[in-house]
**Student:** 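After the structure tokens below, expect a handful of questions from me.
It should be emphasised that the depicted structure is a prediction, and the values quoted were computed from it without experimental measurement.
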Amino acid sequence: MLADSGISWTSLRNGFYSHSLGWMIGPWRETGTFAIPADGPVSWTSRADEAEAAAIIIAAINADPALSSYDGPVTLTASAAPTFAEVAEIASEATGRTVTRVVMEPDEWVAAQIAAGRPEFVARFSLGMYQAADQGYFEGTDPLLATLLGREPLTVRAELSAPPIAH
């Protein structure tokens, strides 16, 4: 509808926020393992990088709306989309100890989440996110974010090397 409206519009299509990686792979720092129900590539992208790029885009649009090249959808993602297996390798390298990734059967994983105190609807919702990654829905990357920032966006290595954030 926006495209057909004839007015300028911008829709930011952000990568999967990297801060969620911590809760998706659980207490790997303590256990050295994370168990997931499916594996696939994800363009883990920093919220801070996304916010900085959004500010740059807004400033460009405000400076001269008629010349803005940000009319329509704008994809802002990290430069890479590692799989969870690759995330385990990155975590191992970042910490200097072996971190392993285990893929569980989806029903077994949901049952384990429920046994750990997560409501079933939350476990099933989360399952859908892993399955979407497995099907390639989060694998897209685009160089625009790095171009706007004038540097490479933060990486999974940086996210895993940072002190854990209390939730």
Side-chain angles (χ1 to χ4, degrees), residues 10-55 57-58 73-142 144-146 148-149 151-167:
T10 302
S11 174
L12 301 180
R13 293 180 174 174
N14 293 348
F16 208 100
Y17 295 127
S18 60
H19 71 279
S20 64
L21 182 58
W23 64 262
M24 288 190 77
I25 61 177
W28 65 273
R29 294 176 196 275
E30 293 80 22
T31 65
T33 301
F34 58 87
I36 57 172
D39 196 347
V42 179
S43 60
W44 300 105
T45 309
S46 160
R47 282 190 302 187
D49 287 347
E50 299 283 11
E52 186 177 339
I57 290 169
I58 290 168
V74 177
T75 301
L76 301 171
T77 68
S79 299
T83 64
F84 286 95
E86 292 167 329
V87 169
E89 292 173 15
I90 294 166
S92 296
E93 293 167 5
T95 62
R97 66 186 187 108
T98 302
V99 176
T100 57
R101 180 267 298 149
V102 175
V103 178
M104 300 173 67
E105 289 297 320
D107 289 338
E108 177 187 4
W109 183 86
V110 168
Q113 296 298 303
I114 293 168
R118 189 172 275 187
E120 182 175 356
F121 77 93
V122 173
R124 294 204 178 279
F125 176 81
S126 298
L127 172 63
M129 293 175 11
Y130 293 99
Q131 290 171 329
D134 184 49
Q135 295 169 20
Y137 286 104
F138 304 130
E139 71 182 341
T141 61
D142 191 290
L144 180 60
L145 181 58
L148 290 169
L149 298 176
R151 61 171 168 76
E152 278 300 307
L154 293 176
T155 63
V156 167
R157 179 179 308 283
E159 183 72 34
L160 297 179
S161 297
I165 298 172
H167 296 285

**Student:** For Glu52, enumerate each residue passing the side chain to side chain donor-acceptor pair (under 3.5 Å) test, keeping only those at least two apart in sequence or located in another chain.
**Tutor:** Arg151
**Student:** Are a donor atom and an acceptor atom from the side chains of Ser18 and Thr45 found within less than 3.5 Å of each other?
**Tutor:** no
**Student:** Evaluate the side-chain proximity of Leu148 to Ile57: yes if any heavy-atom separation is below 4.5 Å, no if none is.
**Tutor:** yes
**Student:** Is any side-chain heavy atom of Trp44 closer than 4.5 Å to one of Val87?
**Tutor:** yes
**Student:** How many angstroms lie between atom CG of Leu145 and atom OG of Ser79, to the nearest 0.5 angstrom?
**Tutor:** 7.0 Å
**Student:** Is any side-chain heavy atom of Phe34 closer than 4.5 Å to a side-chain heavy atom of Met24?
**Tutor:** no
**Student:** If I take atom CH2 from residue Trp109 and atom CD1 from residue Ile114, how far apart are they, to the nearest 0.5 angstrom?
**Tutor:** 9.5 Å
**Student:** Roughly how far apart are Leu76 CG and Asp142 CG, rounded to 0.5 Å?
**Tutor:** 7.5 Å
**Student:** Quick one: are Leu160 and Trp28 in side-chain contact, heavy atoms under 4.5 Å?
**Tutor:** yes
**Student:** Students often mix this up, so state it plainly: with edges at 30° and 60°, are the rings of Phe84 and Tyr130 parallel, tilted or perpendicular?
**Tutor:** tilted
**Student:** Can you list everything that forms a salt bridge (Lys or Arg N to Asp or Glu O under 4.0 Å) with Asp39? Sequence neighbours excluded, please.
**Tutor:** Arg101
**Student:** Do Pro41 and Phe138 have side-chain heavy atoms sitting under 4.5 Å apart?
**Tutor:** no
**Student:** What's the spacing between Arg124 CZ and Arg118 CZ if we round to 0.5 Å?
**Tutor:** 13.0 Å
**Student:** What's the separation between atom CD1 in Ile36 and atom CG in Leu127, rounded to the nearest 0.5 Å?
**Tutor:** 11.0 Å
**Student:** Using side chain to side chain donor-acceptor pair (under 3.5 Å) as the criterion, list what pairs up with Glu93, not counting sequence neighbours.
**Tutor:** Arg157
